[in-house]
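Below is one structure; the comments refer to it alone.
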Amino acid sequence: MSRYNARVAEAKWQKAWDDKGIFQTENSSDKPKYYVLEMFPYPSGRIHIGHVRNYTMGDVLARYKRATGHNVLHPMGWDAFGMPAENAAMEKKVHPAEWTYANIDAMRAQLKMIGLSIDWSREFATCDATYYRHQQAIFLELVKAGIAYRRSAQVNWDPVDQTVLANEQVIDGRGWRSGALVEKRELTQWFLKITDYAQDLLAGLESLERWPDKVRLMQTNWIGRSTGVHFTFQLSVPDGHGAQGVSPGTLDVYTTRADTLFGASFCAVSADHPLAQAIAEKMPDAKAFVDKCRQMGTSEAALETAEKLGFDTGIFADHPFVAGHKLPVYIANFVLMEYGTGAIFGCPGHDQRDLDFARKYGLPVTPVVLPDGETADGFEIGDEAFDGDGRMINSEFLDGMTIPEAKKAMADRIEKAGFGHQTTNFRLRDWGVSRQRYWGCPIPIIHCPSCGAVPVPDKDLPVTLPDDVSFDRPGNPLERHSTWKDVSCPQCGGDATRETDTLDTFVDSSWYFIRFCDPASATPADAAASTYWLPVDQYIGGVEHAILHLLYARFITRALKDLGHVAVAEPFAGLFTQGMVCHETYKDKNGDWVPAEDVIHDGGRPVQRDTGEEVTVGPVEKMSKSKKNTIDPEHIIDQYGADTVRWFVLSDTPPERDIEWTAAGIEGAWRFTQRLWRTVDDANGHIASEEAAKGTSDEGRAAALRKAAHKAIADVTGDIEGFRFNRAVARLYELTSTVQSFNGQNPQGAAELAALKEAAETLVQLAAPMMPHLAEEAWSALGHDRLLADTDWPVADPDLVKDDVIKMAVQVNGKRRAEIEVAPDLGKDKVEEIALGDEAIKRALGEKSPRKVIVVPNRIVNIVA
RNA sequence: GCCCCUGUGGCGGAAUUGGUAGACGCGACAGACUCAAAAUCUGUUGUCCGCAAGGACGUGCCUGUUCGAGUCAGGCCAGGGGCACCA
């Protein structure tokens, strides 16, 4: 009996695939095309288990599709721009490009160890000038089309480090390095008009049938289409008010609950609203409040969880339908300038946030919707606003209406009176793409004092990043790089400066899948290649990208379609979102994190490998560097081989769910690797035995084995198609056990040996997408010269997949009392007869007689007595 | 705070989508092989009552719909993901 040597076999078969170039793909074929893509990695330096899981899933699918006669595109590249490279530059004094390309080399080598069926000839990194050259061209086309534009927007500003901070770099309102209080600062920045596509992006979701419902729902909510009313309040400024003369006299609001207008008790405007700005200029305490709002984070979560604060401006808004009813106008920290008009009216009775605000500032609370079943007399709002269904009260001409009726009636009345109109509003905001950083795609614009923002002429593209930069000072090195920055204007020839902002890395990842179709194309997208390959048939990646990356990619693809670059509007026909990889966390007696790879189990106690000191086991969390609970796949592959690691990440846990990495789990996968090899090896011994060939077969046993093999083909095929890899794994465990026990029963004769050969080959073929190296080795051992990677997928014989007899449970009043065996698709009457004749059922029924018998064919019988 | 997801034995999970809850694996226990250990093989393994036959309970919690609910509806609880400059 031979033992499987993963190290030798894996190197051997990787070379065999490579030498024949079988994973290199042509841009045309008689076969149907299939484009499988996993979200490309950020080159952080090391592959982590999450990558292995992601790429293994894609590889299973790619290999399966190849075997089922598809022309498969399965490429790999690098999402290579971003902040970590600049952080490394600051901390380790290494150039971002050098750091990034070294990481790519290291990670490419690691990925190749996994044995992925990737067409490496199409590889590129987004930081390659050959890639971002085309991104710059696309950007200029977007400028020309009016999709890219400039406007002022706020950023997080660290006054000590003199730099813009990402939201994740703001911790409790302070800069992560300097600890200084973060300010908001206005900068002129580039935006992409994704809002022009809001309705389109929303409608397109309906066609994405092979996307998870939850992702479509999240995007729907993110786009946030609502219908409501936009209308104008008349403002009155009391005599002697500090803001005398600055008020524009009116205030525009947007509401989705026009029906509750009679319950309004205040108005509120954002601190960034022009009215708030105007008042702040005249009133010092208003300015103090606005400044305070400015110190809050820019993230929505920070705004929503912050204490709701307001500043009473002393100005009033006149209620449009109640003469003399004046609503105080507040500046409030929870009103977003970005949404609607940046101003609202508050109806505390029916909105929890408004209610909290009203209670805090002593404003009246008038219920205007009466819950069904309540009486108007004495109905009051307590601590909870009522946002359910009901009928209007206290609302004059709306009284007695349902909420939808009242919304319509109020909108009609406002339109007729001429101070407002019904409108559709989106929560989606335009996409700010300017980043004040070096390590990104330069924005190909030249700012000229006389010509304005001038596009860099196409012949001058790409605008490449200068290499000679230093990170010893804070801020963007491009801004102080005069030989790069100072240029002459392409239009007038006068002195001008380059745009020093670079593009958001989400732009890089919004069209890379198009570039893979033909990475050498002289245009951003080769028409023939992209028409052939797009859309991506199956995209696979983390659910954390469910909104931003996927929405931006859908948007850019639509824009490129409108610009004539691609033929499709939707880039990803199928989407699968995988779960994360988690691991236990460990701390030492000082409460410091202990690296998971340094922890061993000594007699059940977790201890540090070197010191033997006991560690405390913390919760199972997503693998992260900060918690030191990462496992380096390279170490595991060295120890067990790639197939074992691939098998583990596919086993047990459904792909969409989080998986926990455990030492026991990888051990179990390793034992199975050896068991599978042994099973095929043993089978081979029987098949080759001249002695066994002379014996006489038990036809029944041979037939049963064939049946098991063909059922496995049907099951595993369905499981791979349906992304149920964990179940495919379970089916392969079963088939292995079946073949193994057949081996143990001394098979002989033509029929048994033929069945055994078929079953062993089937087992190897079905395992191949998951354990490609071992499968090739076993396939070769079974006497095949042709590569398994080039062999067709087995086909199940429908006659062998069918059951001969079906076990049906029989229930009495919903409780299982017996099991009967019947022929498949036996008539209901017959089944009922057999069920009622069963001894256990007679006993269970006792004195009672059946009142009703429900027979679900091939499933269950329920007797109601 | 808002949006989305998840919750089943000691553990990972399965359940043909409303029809026998616990497939398959891990762990544990018992046995075989071995001088011994490892490896391997065989068997048992949701909980409770019972010698057994058998019975009761059981899918985070509560309520409901149904002949029948892990699955559907309503209300909670707990954990996770996203929230627009992390990728």
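Chain letters run A, B, ... following the sequence lines, proteins first and then strands; every chain starts at 1.
Qualifying salt bridge (charged side-chain N to carboxylate O under 4.0 Å, His left out) partners for D272(A), counting only residues two or more places apart in sequence or in other chains: R294(A). Contacts of Q578(A) classified as side chain to side chain donor-acceptor pair (under 3.5 Å), with partners at least two apart in sequence or in another chain: none. With sequence neighbours left out, the side chain to side chain donor-acceptor pair (under 3.5 Å) criterion links E734(A) to R731(A). By the ring pair (Phe, Tyr, Trp, His ring centres under 6.0 Å) test, W431(A) pairs with Y552(A), sequence neighbours left out. Shown here are the salt bridge (charged side-chain N to carboxylate O under 4.0 Å, His left out) partners of D501(A), two or more places apart in sequence or in another chain: there are none. K711(A) is linked by a side chain to side chain donor-acceptor pair (under 3.5 Å) to D803(A), counting only residues two or more places apart in sequence or in another chain. Taking Q740(A) as the reference, R675(A) meet the side chain to side chain donor-acceptor pair (under 3.5 Å) condition, with sequence neighbours excluded.
Summarising the base pairing, rG19(B) is matched to rC67(B) through a Watson-Crick or G-U wobble pair whose two defining distances lie under 3.5 Å. Judged by Watson-Crick or G-U wobble contacts below 3.5 Å, the nucleotide rA84(B) has no partner. rA37(B) is unpaired under the Watson-Crick or G-U wobble criterion, no partner having all donor-acceptor distances under 3.5 Å. Within the shown strands, nothing qualifies as a pairing partner of rG58(B) under the Watson-Crick or G-U definition with both distances less than 3.5 Å. Partner assigned to rU45(B) is rG27(B), using Watson-Crick or G-U wobble distances below 3.5 angstrom. The nucleotide rG79(B) finds its pairing partner in rC5(B), both defining distances of the Watson-Crick or G-U wobble pair being shorter than 3.5 Å.
Within the 4.0 Å cut-off from OP1 or OP2 of rA87(B), at least one side-chain nitrogen or oxygen of T505(A) is found. Between K815(A) and rC57(B) there is a side-chain polar atom (N or O) within less than 4.0 angstrom of OP1 or OP2. Within the structure, every side-chain polar atom (N or O) of N726(A) is placed at least 4.0 Å from both OP1 and OP2 of rG25(B).
Remark: C1' of rC26(B) and CZ of F648(A) are 10 Å apart, rounded to the nearest angstrom. Distance D508(A) CG to rC86(B) C1': 14 Å, rounded to the nearest Å. For the pair R724(A) CZ and rU16(B) P, the computed distance is 10 Å after rounding to whole Å. Atom CH2 of W222(A) and atom P of rC3(B) are 13 Å apart (whole Å). M808(A) places its CE atom 17 Å from the P atom of rU16(B), with the value rounded to the nearest Å. Here rA87(B) presents its C1' atom at 14 Å from CG of N167(A), a figure rounded to the nearest Å. Following rounding to the nearest Å, H545(A) (NE2) and rA84(B) (C1') show an atom-to-atom distance of 15 Å. In this entry the distance linking CG of L732(A) with P of rA23(B) reads 18 Å, nearest Å.
Taken residue by residue, residues 428-439 of chain A places heavy atoms nearer than 4.0 Å to RNA chain B at L428(A), R429(A), G432(A), S434(A), R435(A), Q436(A), R437(A).
Residue-level contact check: A546(A) touches neither bases nor backbone, having no heavy atom under 4.0 Å from any strand. Within 4.0 Å (heavy atoms only), S651(A) reaches no atom of the nucleic acid at all. As judged by a 4.0 angstrom heavy-atom cut-off over every strand, P654(A) is placed among residues touching the sugar-phosphate backbone only. When heavy atoms are screened at a 4.0 angstrom cut-off, H549(A) is found touching no nucleic acid atom at all. Contact annotation for F672(A): no contact, since no heavy-atom pair falls under 4.0 Å across all strands. Heavy atoms of V215(A) sit nowhere under 4.0 angstrom from any nucleic acid atom. Note on R427(A): a base of the nucleic acid sits closer than 4.0 angstrom, heavy atoms only. Using a 4.0 Å heavy-atom distance criterion, V861(A) is classed as making no nucleic acid contact. Here G665(A) lies out of heavy-atom contact (under 4.0 Å) with every strand.
A glycosidic torsion no more than 90° from 0 defines the syn conformation; rU59(B) lies beyond that range and is anti. In this structure, rG9(B) is classed as syn because its glycosidic torsion stays within 90° of zero.
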Compile the donor-acceptor pairs under 3.5 Å between side chains in residues 848-858 of chain A and protein atoms, sequence neighbours left out, one pair per line.
from, atom 1, to, atom 2, distance (Å)
N858(A), OD1, D825(A), N, 3.0
N858(A), ND2, D825(A), OD1, 2.9

Ignoring hydrogens and angles, write down the donor-acceptor pairs under 3.5 Å from the side chains of residues 809-818 of chain A, residues two or more places apart or on other chains.
from, atom 1, to, atom 2, distance (Å)
N813(A), OD1, A865(A), N, 3.0
N813(A), ND2, A865(A), O, 3.4

Close N/O contacts between protein and nucleotides 65-76 of chain B (under 3.5 Å):
from, atom 1, to, atom 2, distance (Å)
rC67(B), O2', N862(A), ND2, 3.2
rC67(B), O2, N862(A), ND2, 2.6

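Taking the ring centre of W190(A) as origin, the terminal cationic atom of R150(A) falls inside the region bounded by 6.0 Å and 45° from the ring axis. A cation-pi arrangement is not found for R429(A) relative to Y339(A), the charged atom failing to lie both closer than 6.0 Å to the ring centre and inside a 45° cone about the ring normal.
With hydrogens and angles ignored, no donor-acceptor pair closer than 3.5 Å exists between the side chain of Q154(A) and the base of rC85(B).
The distance from atom OH of Y42(A) to atom OG1 of T126(A), rounded to the nearest 0.5 Å, is 9.0 Å.
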Q: Report, as a single string ordered 5' to 3', how protein heavy atoms within less than 4.0 Å touch nucleotides 38-51 of chain B: B base, S sugar-phosphate only, - not at all.
A: --SS----------

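Comparing rU45(B) with rG7(B), their C1' atoms sit 24 Å apart, to the nearest whole Å.
Just one residue in the list Y4(A), W670(A), F672(A) forms a ring-ring contact (aromatic ring centres under 6.0 Å, His included) with W677(A), and that residue is Y4(A).
Counting only heavy atoms from C-beta outward, the side chains of V831(A) and M808(A) approach each other to under 4.5 Å.
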